[in-house]
*Asks:* 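My structure is below; once you've seen it, I'll send some questions.
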Amino acid sequence: MTETATARPVPELTSGWRLAVRSFAQNRLAVLGVGIIVALVLFCFAGPHLYVTDQVTVDPVSSLLPPDAAHPLGTDAQGFDVLGRIMRGGQASLQIGLFAALIATAIGTLYGTVAGLAGGVVDGVMMRVVDTLLSIPFLFIVLIAATRFSSTVLSLSLILGAFSWLAPARLVRAEVLSLRSRGFVAAATVMGATKLRIITRHLIPNALGVVIVNITFQVADAIIAVSLLGFLGFGLNYPDVEWGTQLSEGVSYLFEGAWWLIYPVGGCLVLVVMAFNFVGDALRDSIDVRLRRR
């Protein structure tokens, strides 16, 4: 008598990226962070088309009006509607944060990949350059650069991106050092692949998880940095504005009871930085297999 074996279904294989997306979607803070970012982007970029205000012409007669039906968040010292001002300032802050993060990540990824793949003396020299630049206070360098160039969205993005690539470079280098000993890199080398092909086709794509996670934190850091520059008086020039400049102008009138100049814009700044940190933490946990929720 033969016993028929019970056929068991073969479990469906799930790619690493699908598992990462599933783990990310199960993280409530990550979903909250994405929701906040989407809401603020719509508020800053779509809001001005629905709530139209004049953010160019100074109106001293309407200076420091408290919130009312005509101005839901009041007006500032120049007579600008604060709600419309926050929308305009948010556009600049988000743009600078994103552009600076992309620039810093691009430079740091390429630099760290080259250093990690080269190894030896080249790696040592390149990392000593990074260590030397890291020893110089970031704010000191940025302030000097900001005083030399006119403050625009593009110039501030380039300045922040040009001095923010050091941390991404170290992260990517560490990842490349672990990747270059893998079999696929050795196989590509034996098959005659050039260094450039190994970097662009093997190392950078496999270090993409670290790069993606780093971008989110870089955006949050860049938004904080440009807000700090604006608070110190090195922000965008009139009629452009960003959240740091708004905070700096509002502090002068806080003790006069003009709370609407501080708390709304400060709340937006806290929310966006917190949201990007939530997303970055969740991406790190979902992409890293050791930290991924089961």
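Only heavy atoms go into these numbers, but all of them, side chains included; no hydrogens, no water, no symmetry mates.
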*Asks:* Kindly compute the distance separating CG (D81) from CD1 (I86), expressed to the nearest 0.5 Å.
*Replies:* 9.0 Å

*Asks:* Can you confirm whether F276 sits close enough to I37 that some side-chain heavy atom of one is under 4.5 Å from a side-chain heavy atom of the other?
*Replies:* yes

*Asks:* Can you tell me if S63 uses its side chain to pair, donor with acceptor, with the backbone of A77 under 3.5 Å?
*Replies:* yes

*Asks:* Counting C-beta onward and ignoring hydrogens, is there a side-chain heavy-atom pair between Q55 and P48 closer than 4.5 Å?
*Replies:* no

*Asks:* Where is the tightest heavy-atom contact between A282 and A30, given as atom of each residue plus distance?
*Replies:* CB-CB, 3.2 Å

*Asks:* Honestly curious: do V82 and V241 fall in one hydrophobic cluster under the side-chain, below-4.5 Å linking rule?
*Replies:* no

*Asks:* Do the non-hydrogen side-chain atoms of I223 and S227 ever get within less than 4.5 Å of each other?
*Replies:* yes

*Asks:* Enter the distance from T75:OG1 to L83:CG here, rounded to the nearest 0.5 Å.
*Replies:* 12.5 Å

*Asks:* Do you know the tightest heavy-atom contact between Q218 and A104?
*Replies:* OE1-CB, 3.8 Å

*Asks:* To which residues is V210 joined in a hydrophobic cluster, defined by side-chain heavy-atom contacts under 4.5 Å among Ile, Leu, Val, Met, Phe, Trp and Tyr, whether direct or through other members?
*Replies:* L171

*Asks:* Between I103 and S157, what is the shortest heavy-atom contact and its length?
*Replies:* CD1-O, 3.9 Å

*Asks:* Does Y263 belong to the same Ile/Leu/Val/Met/Phe/Trp/Tyr cluster as F231, with side-chain heavy atoms less than 4.5 Å apart forming each link?
*Replies:* yes

*Asks:* Strictly distance-based, threshold 3.5 Å: is any side-chain N or O of E242 a donor or acceptor partner for the main-chain N or O of T245?
*Replies:* yes

*Asks:* Considering non-hydrogen atoms only, spot the tightest contact between F278 and L32 and give its length.
*Replies:* CE1-CD2, 4.3 Å

*Asks:* Answer whether the closest heavy-atom distance between the side chains of F80 and V58 falls below 4.5 Å.
*Replies:* yes

*Asks:* How far does OH of Y51 sit from CZ of F43, to the nearest 0.5 angstrom?
*Replies:* 10.0 Å

*Asks:* Would you say V38 ends up clustered with I212 if hydrophobic residues are merged whenever their side chains have heavy atoms under 4.5 Å apart, either directly or through other cluster members?
*Replies:* yes

*Asks:* Rounded to the nearest 0.5 Å, how far does CZ of F163 lie from CG of L133?
*Replies:* 8.5 Å

*Asks:* Please check if the side chain of T113 supplies one atom and the backbone of T109 the other of a donor-acceptor pair under 3.5 Å.
*Replies:* yes

*Asks:* Given side-chain contact (heavy atoms from CB on, under 4.5 Å), test V129 with Y111 step by step and report yes or no.
*Replies:* CA-CA 11 Å; V129 172; Y111 191 94; 3.7 Å; yes

*Asks:* Enter the distance from L261:CG to E256:CD here, rounded to the nearest 0.5 Å.
*Replies:* 9.5 Å

*Asks:* Output the distance between atom OG (S252) and atom CD1 (I262), rounded to the nearest 0.5 Å.
*Replies:* 8.5 Å

*Asks:* So if you build clusters from Ile, Leu, Val, Met, Phe, Trp, Tyr with side-chain heavy-atom gaps below 4.5 Å, do L269 and W259 land together?
*Replies:* yes

*Asks:* Nearest heavy-atom pair of P72 and A69: which atoms, and what distance?
*Replies:* CD-O, 4.4 Å

*Asks:* Would you indicate whether the side-chain heavy atoms of F217 and D281 approach each other to under 4.5 Å?
*Replies:* yes

*Asks:* Looking at side-chain heavy atoms only, is the closest gap between M126 and V130 below 4.5 Å?
*Replies:* no

*Asks:* Are V31 and L271 connected in the hydrophobic side-chain network, where two residues link if heavy atoms are under 4.5 Å apart?
*Replies:* no

*Asks:* With the side chain counted from C-beta on, respond yes when D131 and R170 share a heavy-atom pair under 4.5 Å apart, and no when they do not.
*Replies:* yes

*Asks:* Is the closest side-chain heavy-atom distance between D240 and T152 below 4.5 Å?
*Replies:* no

*Asks:* At their closest point, which heavy atom of A115 faces which heavy atom of R173, and how far apart are they?
*Replies:* CB-CD, 4.4 Å

*Asks:* Would you say the side-chain atoms of S178 pair up with the backbone N or O of E175, donor to acceptor, closer than 3.5 Å?
*Replies:* yes

